[in-house]
Amino acid sequence: MLIKKRNETDIPSSEITPEHIYMSRRTFMTGAATVAGAAVLAACAPKTDLRGAGSVSRSQETAVPADGSPATPATGQTDELGDPWTAYESVTNYNNYYEFSTNKEAVAEKAQDFPTTPWQVAVSGLVRNQRVFDMDDLRAEFDQEERVYRLRCVEGWSMVIPWLGFPLAKLLEAVEPTSNAKYVRFETVYDPKNMPGQNSPFFDWPYVEGLRLDEAMNDLTLLSTGLYGKELLPQNGAPVRLVVPWKYGFKSIKSIVKIELVDYMPESLWMVAAPNEYGFYANVNPAVSHPRWSQATERRIGEAGRRPTLMFNGYEEQVAYLYEGMDLAENF
Ligand SMILES: Nc1nc2c(c(=O)[nH]1)N[C@H]1C(S)=C(S)[C@@H](COP(=O)(O)O)O[C@H]1N2
Ligand SMILES: [Mo]
């Protein structure tokens, strides 16, 4: 399966937002209302109005990371498309994890002492068997397997990562969703004492993500507890994170403490923070541009130049059925 490459060249550098989060209308308005003692106005306004203003923006990746990653990782192993695994050093030192830093190269150090034991994951909502799993339960009940997946960040870079984990479907089967369950809602731990980024007012913490139940049940959807044969490090979302390889990386929520089966489409942190950018689905799609840059190509970490982005990140055969009849330009 080959992708239709979008006939669009790189956006001019004048249109690239600098690599920072900026204050936007929503945050500004909220702040102004408080200062003016008119908080009642903000409180009365429908939530969607405030949210619709948009508050935070992503940046396209522009700089090459100083991670010193070799062009060919030492392992010599590849994914099913023949692409080499990204070097362990890059996978563990070039991270998006806004709870610690918005600087990808600062996350590893800032997260190094994050406490990940003890840790529990509560599975609740529209299920027959509500459960609270200790990490040991998860490891004991569900066989860990290695899955080599491409990770494509919405910012325009990608990696090939050998994850350890188990299909989310196995855990969902164990809790038995009821017939009313239509979506799965995931929540990251809320721990502002140990996660400095959670003190930032620019986001509605904790980080939340969601999947449709059939997306969650797809065999590709993984709950990961490790990579490169080792336990996850904090910067990669220890002790347990989601990996949804056909969607932009931000859907792969880290450090999960809550999984809820619900009958409504969950509103993710990014849907609240940047509603004009991507919606609930966020499937990798080279034909649907970000409002400020093309998604037709990506930079594979450790490689020179850019390569074409594949529809559904190269997993079209496994997931296209989920979106039959849907307009993917509308439901992005
Ligand atoms: N809780 C949480 N999960 C998160 C993020 C985050 O900031 N917070 N960043 C996301 C983004 S944008 C990406 S690209 C991936 C990066 O995963 P990695 O650092 O393990 O490569 O994590 C995703 N999961
Ligand atoms: Mo990302």
Side-chain angles (χ1 to χ4, degrees), residues 19 21 56-61 65 67 69 85-111 114 116 121 149-165 185-192 194-198 200 202-211 222-228 230-259 268-274 277-278 282 284 290 293 295 298-302 309 313:
E19 182 108 26
I21 300 175
V56 177
S57 198
R58 295 180 177 84
S59 302
Q60 182 184 28
E61 188 210 41
D67 60 17
S69 49
W85 294 6
T86 301
Y88 183 74
E89 288 64 37
S90 302
V91 177
T92 55
N93 287 288
Y94 192 71
N95 303 101
N96 267 331
Y97 202 168
Y98 278 23
E99 283 85 341
F100 292 99
S101 176
T102 55
N103 172 359
K104 284 182 269 296
E105 279 143 294
V107 168
E109 203 226 301
K110 290 199 170 163
F114 180 65
T116 57
V121 180
Y149 287 159
R150 293 170 291 284
L151 173 88
R152 169 56 158 90
C153 177
V154 74
E155 297 164 341
W157 54 267
S158 61
M159 299 189 184
V160 177
I161 303 177
W163 300 103
L164 281 179
R185 182 182 181 279
F186 305 86
E187 231 179 78
T188 293
V189 68
Y190 183 65
D191 184 0
N194 292 304
M195 290 176 146
Q198 287 184 336
S200 158
F202 297 108
F203 295 96
D204 276 358
W205 304 105
Y207 201 100
V208 169
E209 263 305 339
L211 293 174
L222 205 70
L223 276 178
S224 170
T225 55
L227 58 82
Y228 264 98
K230 306 184 224 286
E231 282 195 6
L232 284 182
L233 294 176
Q235 58 266 40
N236 294 110
V240 59
R241 59 92 56 87
L242 187 69
V243 183
V244 195
W246 71 95
K247 293 177 179 282
Y248 289 116
F250 65 85
K251 298 291 290 182
S252 292
I253 180 173
K254 296 177 171 179
S255 307
I256 297 167
V257 290
K258 193 173 170 192
I259 299 176
S268 68
L269 172 136
W270 278 111
M271 288 164 72
V272 176
E277 295 190 5
Y278 282 92
V284 174
H290 182 278
W293 60 83
Q295 295 290 22
E298 66 200 53
R299 190 173 68 83
R300 181 65 49 83
I301 301 297
T309 286
N313 204 21

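Counting begins at 1 with the first residue of the sequence. One-based numbering, in listed order, for ligands and for the atoms of each.
No cation-pi contact links K247 to Y278, judged by a cut-off of 6.0 Å to the six-membered ring centre and 45° from its axis.
Using a 3.5 Å distance cut-off with no hydrogens or angles, the side chains of R241 and S224 do not pair a donor with an acceptor. Under 3.5 Å, the side chains of H290 and E277 contain a donor-acceptor pair of N or O atoms.
K254 meets the salt bridge (charged side-chain N to carboxylate O under 4.0 Å, His left out) test with no other residue; sequence neighbours excluded. Listed by chain and residue number, Y97, F114 satisfy the ring-ring contact (aromatic ring centres under 6.0 Å, His included) test with F100 (two or more places apart in sequence, or in another chain).
The protein atom (non-hydrogen) at minimum distance from atom 8 (N) of ligand 1 is E99 OE1, 2.8 Å. Looking only at protein heavy atoms, the nearest one to atom 3 (N) of ligand 1 is K254 N, 3.1 Å. For atom 9 (N) of ligand 1, the nearest non-hydrogen atom of the protein is N96 O, 3.2 Å. Among protein heavy atoms, the minimum distance from atom 17 (O) of ligand 1 is reached at R241 NH2, 3.2 Å.
In the vicinity of Y98, heavy-atom distances shorter than 4.0 Å reach the ligand 1 atoms 6 (C), 7 (O). Near I253, meaning under 4.0 Å from any of its heavy atoms, are these atoms of ligand 1: 3 (N), 24 (N). Less than 4.0 angstrom separates some heavy atom of C153 from each of these atoms of ligand 1: 14 (S). Interface atoms of ligand 1 facing T188, defined by a heavy-atom separation under 4.0 Å, are 1 (N). Against a heavy-atom cut-off of under 4.0 Å, L151 is close to the following atoms of ligand 1: 21 (O).
Below 3.5 Å of separation, one finds no N or O of W157 facing any N or O of ligand 1. Below 3.5 Å of separation, one finds no N or O of W163 facing any N or O of ligand 1.
Panel note: side chain E209, backbone S252; no donor-acceptor pair is recorded below 3.5 Å. T86 places a side-chain N or O within 3.5 Å of a backbone atom of V160 that can act as its donor or acceptor partner.
Only the side chain of Y207 comes within contact range of ligand 1, with a heavy atom under 4.0 Å; no backbone atom does.
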